[in-house]
Amino acid sequence: MRITILTLFPEMFSALNESIIGRAVKGNKLQIDVVNIRDYTQDKHLKCDDYPFGGGAGMVMMAQPVGSAIEAVDPEHKARRIYLSPKGKTFRQDMVYSLVACEHIVLLCGHYEGVDQRAIDLFIDEELSIGDYVLTGGELPAMVVADCVARYVDGVLSPESLVQESFSDNLLEYPQYTRPVEYGGMTVPEVLRSGNHAEIDKWRREKALEITKKRRPDLLQD
Ligand code: 4H6
């Protein structure tokens, strides 16, 4: 699959070459293209932002460079075109599964006060927010979406961890321990060292349910 990121700050995406995403990219399962919106401006001074009509603080990203960049990377509108913004629909795990099925995703990162509404209306399929907080740009949210999707691209996650994930659907994770058996006066729960896998599974389900009830009772509603 292919993810194209449109941004005025392409250097921010060097982080994607690390970790799990870097592995998918190197294995040719995932292609990530970071495109500088500035390369598409028709302004002779390469300007991509301007003052807001109606006044107010800050600058607005111009429609032309954004529109031209989208048309260049997805000329036949075959991609799912997503704009990351604080007023988008909240991004959730179930959306990741539908995104993984896409051949091509375009992620538009707004900066300043956001993008001219006409570019959104003309070129964008959906607006997503990664949560109820405000950031300086859509770049970190785009990396969040790219990372979530990359986890499901063939070979990135082990089949066991995918099975695990579907099992624990809508529950928070049980606690994890590794060696040594004793640290800071605390010992790894006996059951995890027992080798009794039925008991281990039971303990983990109980712990997952316990922590979900305590921290995220909303997840148990449905
Ligand atoms: C588009 C429109 C996404 C992008 C406005 C983006 C949080 C999220 C941005 C803005 C973002 C999220 C610029 C409006 C700063 C507020 C960039 N912040 N903003 N939750 N910021 O996914 O001022």
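In each ligand, atom 1 is the first atom listed, and ligand 1 is the first ligand listed.
Taking all atoms of both residues into account, the shortest heavy-atom contact from Ala57 to Glu113 is O-CG, 3.5 Å.
Atom 21 (N) of ligand 1 has its closest protein heavy atom at Leu135 O, 2.9 Å. Given atom 20 (N) of ligand 1, the protein heavy atom at minimum distance is Gly131 O, 2.9 Å. Taking atom 2 (C) of ligand 1 as the reference point, the nearest protein heavy-atom neighbour is Tyr83 OH, 3.2 Å. The protein heavy-atom contact nearest to atom 22 (O) of ligand 1 is Ile130 N, 2.8 Å. Nearest non-hydrogen protein atom to atom 16 (C) of ligand 1 is Val134 CG1, 3.4 Å. Among protein heavy atoms, atom 4 (C) of ligand 1 sits closest to Leu84 O, 3.5 Å. When hydrogens are left out, the protein atom nearest atom 9 (C) of ligand 1 is Pro86 CD, 3.9 Å; that is the closest non-hydrogen contact.
Note on Val66 and Val60: separate hydrophobic clusters, where clusters join Ile, Leu, Val, Met, Phe, Trp and Tyr whose side-chain heavy atoms are under 4.5 Å apart, directly or indirectly.
By the 30° and 60° cut-offs, the orientation of the rings of Tyr97 relative to Tyr152 is perpendicular.
Interatomic distance, Ile21 CD1 to Arg151 CZ, rounded to the nearest 0.5 Å: 10.5 Å. Between the CH2 atom of Trp203 and the CD atom of Glu210 there is a distance of 9.0 Å, given to the nearest 0.5 Å.
With no hydrogens or angles considered, a side-chain donor-acceptor pair links His77 and Asp125 at under 3.5 Å.
Looking at Val34, Val73, Leu107 one by one, the single match for side-chain contact (heavy atoms from CB on, under 4.5 Å) with Leu6 turns out to be Val73.
Every atom of ligand 1 with a heavy atom of Tyr112 under 4.0 Å away is listed here by number and element: 13 (C), 15 (C), 19 (N). Close contacts between ligand 1 and Tyr133 involve ligand atoms 7 (C), 20 (N) [criterion: under 4.0 Å to a heavy atom]. Taking every non-hydrogen atom of Ser129 and a distance limit under 4.0 Å, the qualifying atoms of ligand 1 come out as 12 (C), 20 (N), 22 (O).
Between Gly114 and ligand 1, a contact under 3.5 Å exists for no N or O pair.
Within the 4.5 Å cutoff, the side chain of Phe91 has no heavy atoms near those of the Pro141 side chain.
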